[in-house]
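This report concerns only the one structure given below.
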Amino acid sequence: MPEALALSAPRRATAVLGEASAAWFLVAPAGIALFLLLLGPSAALLALSFSDWELGAPTLAWIGFENYAELATDPVFRAALSNTLVYVRVVMPASIGLGLGVALLIESGTRLRAFFRAVYFLPVVSLLVAMATAWQYLLHPTIGPVNKLLAMVGIAPVNWLGSSDWVMVSLCMIGVWENLGFVVVLFLAGLTAIPADLYAAAETDGARSGLDRFRLVTWPLLGPTTLFVVTITAIRCLRVFDTVAALTRGGPNNASEVLLHMMYREGFSYFRIGYSAAITVVFLVIVLALMLVQTRLLDRQVHYG
Amino acid sequence: MRAEGGRAILIEGVEKAFGATRVLKGVSLTLRQGEFMALVGPSGCGKTTLLRIVAGLESADAGRVVIGGRDVTRARPADRDIAMVFQNYALYPHLTVAQNLAVPLAMRRLSALERLPLVHRLVPGNAARRRAIAARVGEAAAMLRIAHLLDRRPGQLSGGQRQRVALGRALVREPAAFLMDEPLSNLDAELRAGTRQEIVDLHRRAGVTTIYVTHDQVEAMTMADRVAVMMEGEVLQLGTPREVYDDPCDIRVAGFLGSPRINALPGIATENGVSLGTLALPLRAAAAPGSAVTIGLRPEAIRVAPLGLACRVEHLEYLGAETLLHARLEAPEARIVARLPVAAGEGLSRGDAVRLGADWERALVFGADGKRLALHQAARIDA
């Protein structure tokens, strides 16, 4: 027995060493991929944002925070940032509110559930650039059906995408249309996960009205779903790009300029990669801040352990 | 209990079909005030559907439900003055135990406005009502010994504790009826036995008419004043635990109650009794002579007897306090299970020939349709 103990001690040491190197070995592929695909590019982006590099230029100079300083005074950036935030503030609550309502209606119905689910999800799976063309036609100031309908009830035609007063309204409407189906499908999944017994309990406990049951069961139990929907929709809204690129190109007069479209223009039209990188960093900081709010603050309030 | 002792719950001719499946085929039951009735039957017999119809969670296709003298067939669950305990407890996961217990009271005593967070402070008289609710919650929690758990959420409780909270949520109000849907089936065996007695005690204290749905015959037999045995959408028999066990009206009732199952031996009706193989039993059976009948014999009514029926031992189950003997009756061909004192099983082993006799006065005779034919006759033959 003592012999066995004496033998086992050094063997255990090598086993521990072997275990550690095996662990590193096993983690390596994922670690390398993580670095190459995510962390590396992000670090490169951050580095570029401190340079004046232009696409194709043979040299670059480190200019510190100059790009950020320029952003702070750039009226286009200010317009882009404020338009993006307006877009998020309008589209996110509107699509979440409407989406929840639609999901509740579909869930409470007995027939055609799969049909409605598919219909509402169509905008999500369709190619947005192609759909944007359809919107362009619908909202066309002279031949668009929307204005023709308005004319029938005596309302003067609106230049939906061409006037700086209306362009954000139009983009927001299209944004709600685009996000609604996504939100509906997520809420439908959340609703089916609520145990039917809880509704039965609520009814026997005296929750007579649908509103009572919604407040007692549906809303609290949808908490985790809602949190996820809020985060994902906020990020989807922050990322608004396709419709702007296809319909307005940020115009007229930067009235519909948004962060990602400005980043795209600076980087790929004017080739100012350094400046474009600085815009992207700002965008990433906003997204990260959102995710932090989700995980740190709200998560604790909606998961009931 | 006298017949005019009040009808707490009256279920009359209730029918229900889901699509082409007839789940309930005209069920009628009357519960006396304060009675504890168990609805027992195999899964799929319609007992839970019946309970949900009484609760108002399911609507009856035909028939009516009267609770406390009021026809509630078309009433909403909230308007039936009932409290229900669910199999999965159905506690609100986002509320603390205290809040869970308070829900049935708050829903009834506070207006929608008063239930809103923050707003309720502005409504006059609200604070007093809330204090009354908190006091009642405290009482119910003390009764169930969960007062120390009031600030926890259901997710932080054990199965047994959740079960208590679910009971508490029913107890906190004084409803006209308790409806319990297999409340113990998610507990482990030991906890189940303890909670069984506790529910009976709580029922005795609260004196509220209770319908208790279970597939567990032990629960039905030990807890209920009366047992309704349901099968295939019908109540086959309603009676005290003793009546349904000793005096079943149907072979299916006899087969469902009792473990191991009652022995079913093929007999033939004769002029003056029933014959079992070569054995003539003076059991009066209202059947045409020559027709086939089934003789039901409980395992505990069988013993080893030197002049009994010739059987062969198939296997023995030693259970400590007793031995179960599984044997094959040779003529007529049938399986027999006997519950024997350990001493009687000693020395027997697989393949041995053994002779089994019975307390034949405890035998039950069923016709070909499974219905009971005649009461047993007090005649003892020690075959």
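Quick note: numbers below take in every heavy atom, side chains included, and nothing from hydrogens, waters or symmetry partners. In the text below, chain A, chain B and the rest are named by the order of the sequence lines, each starting its count at 1.
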Inset, instruction - Answer with side chain, backbone, both or neither: which region of B:F86 has an atom nearer than 4.5 Å to a non-hydrogen atom of chain A? - result: side chain
Inset, instruction - Please look at B:I82 and chain A and tell me whether the side chain, the backbone, both or neither of the residue comes under 4.5 angstrom of a heavy atom of that chain. - result: both
Inset, instruction - Say whether B:D71 and B:T73, considering side chains only, have a donor N or O and an acceptor N or O under 3.5 Å apart. - result: yes
Inset, instruction - Between chain B and each of A:D212, A:L211, A:L216, count heavy-atom pairs under 4.5 Å; write down the option with the most. - result: A:L216
Legend entry - Side-chain heavy atoms of B:E182 within contact of B:K47, under 4.5 Å: yes
Inset, instruction - Pick whichever of B:R169, B:R52, B:R173, B:R80 has the most heavy-atom pairs under 4.5 Å with chain A. - result: B:R169
Inset, instruction - Establish, from distance only, whether the side-chain atoms of B:E198 and B:T195 form a donor-acceptor pair under 3.5 Å. - result: no
Legend entry - Any donor-acceptor N or O pair under 3.5 Å, side chains B:S185, B:Q87: yes
Inset, instruction - With a 4.5 angstrom heavy-atom cut-off, could you sort out which part of B:L91 is near chain A: side chain, backbone, both or neither? - result: backbone
Legend entry - Which atoms of A:A202 approach chain B - backbone, side chain, both or neither, heavy atom under 4.5 Å: both
Inset, instruction - Any chance you could measure A:T231, atom OG1, to A:L227, atom CG, to the nearest 0.5 Å? - result: 4.5 Å
